[in-house]
Peer 1: 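This structure is in structure tokens; I'll ask about it shortly.
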Amino acid sequence: MKLNYKISVAALALLITSGSAFAQVKRKPVPSPKNKPGTLEQKHISNANVLPVDPEVIIGKLPNGLTYYVRKNTEPKNRAELYLVNKVGSVLEADSQQGLAHFTEHMAFNGTRDFPKNDMVSFLQKSGIKFGADLNAYTSFDETVYQLPLPTDSVAVFEKGFNILANWAAYQTFDDKEIDAERGVVLGEKLANGKNAQERLSNQTYPVLLNNSRYALRIPIGKEDILKTFKPETIKSFYHDWYRPDLQAVIAVGDFDPARVVELIKRNFSSLQNPANEKPRTIYSVPPTPGTVVKIATDKEFPYTLAEIIVKHPQATIKTAADFMQSIRIQLFNQMLNDRIGELTQKPTPPFVYGQSSYGAFIGRQDAFTTIAVAKPGGLETAIKAAVAETERVRRFGFTLTELERAKQSALVGIDNAYRERDKTRSANFVGEYQQNFITGDAIPGLSYEYNFYVNNINKISLEQMNALAGKFVSDQNRVIIIEAPDNEKDKLPNEKTILDWISSAGKDVTAYVDNTSDKPLLDKLPTAGKITESKVDSLIGTTTLTLSNGVKVILKPTKFKNDQVLINGYSFGGTSLASDEDYTSAELAGGIIGQSGIADFTQIQLNKILSGKNVSVSPYISNVAQGITAGTTPKDFETAMQLIYLYFTQPRKDNDVWQANISQTNALLANRGLNPGSVFQDTISATLNNHNFRELVVTPERLNKASLDKAYSFYKDRFADASSFVFTFVGNFDVDVLKPYIEAYLASLPSANHKETYKNLNIFPPAGQITKTVNKGIGEKGSVQLVFNGAYDYNDTNNIQIDALEEILQIRLLDRLREKDGGTYAPGVRANYKKIPNSRYSFTISFECAPADVDKLTSDALDEVNKLKQTGALQADIDKFSAQEARSTQVQLKENVFWAGYLGAASQNQDDPDAILRHVSNLGNITVQSTKDAANKFLSGNNLIKFILLPEKK
């Protein structure tokens, strides 16, 4: 069953950003544990109450007004994060400039004083920096941010980085030809993110949501007619007016000498000048809406019915201890309220598919209390009333003391985790805080201060204070209610008065919340321990492999990459491949259902409460070829994690309420799935690539409703009844000898029947030959293409590295050809996959979106680039770019627990030599022009090529 759905709650996330030089979604700043937002009302700030500035960061301002933040941080080693932050966004555009703040961001990569045309991108790629994944930028309403991660072990490259930032800040050239070439790229980005139901609904709701303010009129992606026709002088004028040092900040965090970095900033930025007679940087806001405004919007292709209730408040920044204290209260409030809403989804007939309520940062210098409910078909009233009733329950009866204590414990665990990892914090985590300090003025007291503040103050937060918050957040003033739904629901939707009546009556009959907890231990008694029968050490990669008396194998890799992290993964072959066709749907659901049903005598709700205050996450799974456990914990809570693993094997819990809830919600999501052109297209792709085997198709309501909890539970128990073939990997900060008693107690004691089962090869793979599948679906003028090369594969290190190189080299060439030269698509993608289990197969997928009229041309151009690789191989320059990027990324990965956890598990499953990773960088030398030519002819021959094309419905 492949659902692959995402709940895209209205347009809130899309409002934040229009796009970037490659990635569309603004990366949210990594929050400090203070967890903005702040207070509802700004208070007078006394100097005695102002939060301090983290002493680890150097903050300065040049005479021209440019601000800089510099911090030494050694994780990852020999790396740095450089950012250029501009208080410049789409709200500053004149009527004739709509979209040019974002266009300016694009032009930064298309020619500056010291880097003509595409030279900057090429230089950085040769230095091991990947365009899009590393080198990136974004534009939003109020800011434009450029991101440049660099190695610091190359002095020349690192110091050149500050020159690049300065070129972005003041020396873009805006060559006429480059502007014209980039128009197609930006229009391609607009098409990639639009021409769909969400864009059409957003056009209806933005003016209401943003009260026809400047923000409603300045969506960052801009207007198509302006993007097509603006004159170079217009964008140069925008750049001249707003890209100026008094609106700019340089942020540098990484493994370097801070004094040297400050010197580099002064050298590269001191000569920048503010324009004469500079324009004032107007601070725009969204004016309050008197009372409540309701907007109902529908679209033919929107696949579900959604309600949002947004109560807007003035934005608050965190500057004082009182602000900080209020932000902690809000954090606790959001957690407790959403824990209650989450419990509703585990009822046999949940009132909504998805629900959430929280207070947080909004748009246009506002915060907001937002309630979201995604309704089941015909269930809008139930969804709205249920979501609103939970807030009303809190307003009338408050939280319980036990809820508050759990939330406090959870918050303390979060800040304690961060504090324990303070010397292992990645540089990128600091950047977001400094960026917010520059843009909004949020304080940056530093982790040590925040940790001590939490520890010393969180218990001063009273239940009375928490219970007062709902009354402050909820209001019928400055409130917007948005309903979005499919056109086919239009006649069933309520009018404005009915919606307001639902909201005002919701919760009238609510009773006080009952906190159903349990004080029983997870295990009544410890299991009878088994023994370790064999131990082998691999000194090259630092692993120890244990064999246990019940046949279980355990691979342990102690590391110092994190101070407080242990990652655990276990697998055994079998999975749903062993289920009959008749029972497959039940088996497919088994892992997820049992993982949501609690354990032993504890419901999932009770289990969550028992585990509050602990850093433990344990989940069972069943895939098509394996069953297993994934877990993450800390040394302190390690035994709890091991007990849960033991219980998921020996005492899984069957919960009919959870089963019924999942069936109900899944049916609701399936009801209108066919309205979404993207879903229809992906379903066609999946069906074709899996030769229409029903196991790989989206589940139908008929199959879903024939599934059985008893069968799912029985299948799960059968898959975990025999642990003898399981292999577990442990990666993290531990001592092997310390872990051994726990391994003997909780893993060596697992049941063992020594069945030696493995997966069944069902031979599900794409049909051979050249096939074209065209789907006509959708009303937007938008086309999508996927070209899938596939075939049998000889899985080995030599082929794997060649296919990896071919993937990246083809990506470089298609970006240059389809994006930069043709200008017909924004983000062409290349994805290579290869696997050994259950069949040794490979696939190469080329994908892009474009105007329907450009489908044939861009498809032909993409295949032309493939043919060039087959005829002449890759350019040596492109090989060098891949090798540099792969070498640098490997250096970073080898210092990450998550990499080793995945790598050791995959090596075990594929029976690979785990020491091979140590040869990976040196093996990059085996990639040559000839080898890429040979690989292209082998893997991109076109003998097995399936073309998938999505076009609008025929008129």
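Below, each value reflects all heavy atoms present in this structure, side chains not excepted, and no hydrogens, waters or symmetry copies.
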Peer 1: Please evaluate residues T585 and R703 with respect to the criterion side chain to side chain donor-acceptor pair (under 3.5 Å), reporting the C-alpha separation (whole Å), side-chain torsions for both, the decisive distance (0.1 Å), and the verdict.
Peer 2: CA-CA 7 Å; T585 304; R703 283 203 291 121; 2.9 Å; yes
Peer 1: Tell me whether the NZ or CZ atom of R719 lies within the 45° cone about the ring axis of Y716 and under 6.0 Å from its centre.
Peer 2: no
Peer 1: By the definition side-chain hydrogen bond (donor to acceptor under 3.5 Å, both in side chains), identify the one residue from E886, K77, R79 that meets it with Q891.
Peer 2: R79
Peer 1: Measure the NZ-NZ distance between K424 and K562 for me, rounded to the nearest 0.5 Å.
Peer 2: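 Those atoms lie 8.5 Å apart.
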Peer 1: Considering only distance and modelled atom types, tabulate donor-acceptor pairs under 3.5 Å from the side chains of residues 523-537, sequence neighbours left out.
Peer 2:
from : atom 1 : to   : atom 2 : distance (Å)
T533 : OG1    : T547 : O      : 3.0

Peer 1: Among residues two or more places apart or on two chains, list those pairs meeting side-chain hydrogen bond (donor to acceptor under 3.5 Å, both in side chains) that have a residue in residues 894-907.
Peer 2: R426-E896, T559-N897, Q565-N897
Peer 1: Determine whether Y842 and Y834 satisfy the following criterion, ring pair (Phe, Tyr, Trp, His ring centres under 6.0 Å), listing intermediate values before the conclusion.
Peer 2: CA-CA 4 Å; Y842 81 91; Y834 47 85; 9.3 Å; no
Peer 1: Counting only heavy atoms not in K938, do more than 12 fall under 6.0 Å of its NZ?
Peer 2: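 Count not over threshold, so no.
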Peer 1: Nearest 0.5 angstrom please: N656 CG to I663 CD1, how far?
Peer 2: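 CD1 of I663 is found 10.0 Å from CG of N656.
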Peer 1: Find the distance between OG (S586) and CZ (F715) and round it off to the nearest 0.5 Å.
Peer 2: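 These two atoms lie 10.0 Å from each other.
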Peer 1: Tell me whether D657 is salt-bridged to K347, with the criterion being a basic N under 4.0 Å from an acidic carboxylate O.
Peer 2: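 No.
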Peer 1: What distance separates K560 NZ from D423 CG, expressed to the nearest 0.5 Å?
Peer 2: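 Atom-to-atom, K560:NZ and D423:CG are 11.5 Å apart.
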Peer 1: Give a yes or no on whether a salt bridge exists between K72 and D255, defined as a side-chain N under 4.0 angstrom from a carboxylate O.
Peer 2: yes
Peer 1: Ring centres of Y742 and F638 under 6.0 Å apart?
Peer 2: yes
Peer 1: Is any side-chain N of the basic residue among K756 and D722 closer than 4.0 Å to the acidic one's carboxylate O?
Peer 2: no
Peer 1: Answer yes when R919 and D913 have at least one side-chain N-carboxylate O distance shorter than 4.0 Å, and no when they do not.
Peer 2: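 Answer for the salt bridge query: yes.
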Peer 1: Tell me whether the NZ or CZ atom of R841 lies within the 45° cone about the ring axis of Y793 and under 6.0 Å from its centre.
Peer 2: no
Peer 1: Give me the ring orientation class for F649 and F726: parallel if the planes are under 30° apart, tilted from 30 to 60°, perpendicular past 60°.
Peer 2: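 Perpendicular, since the angle between the ring planes exceeds 60°.
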Peer 1: Charged N to carboxylate O under 4.0 angstrom, D339 versus R406?
Peer 2: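 No, no charged N to carboxylate O under 4.0 Å.
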Peer 1: With side chains defined as the heavy atoms from C-beta onward, is the minimum distance between V413 and K614 less than 4.5 Å?
Peer 2: no
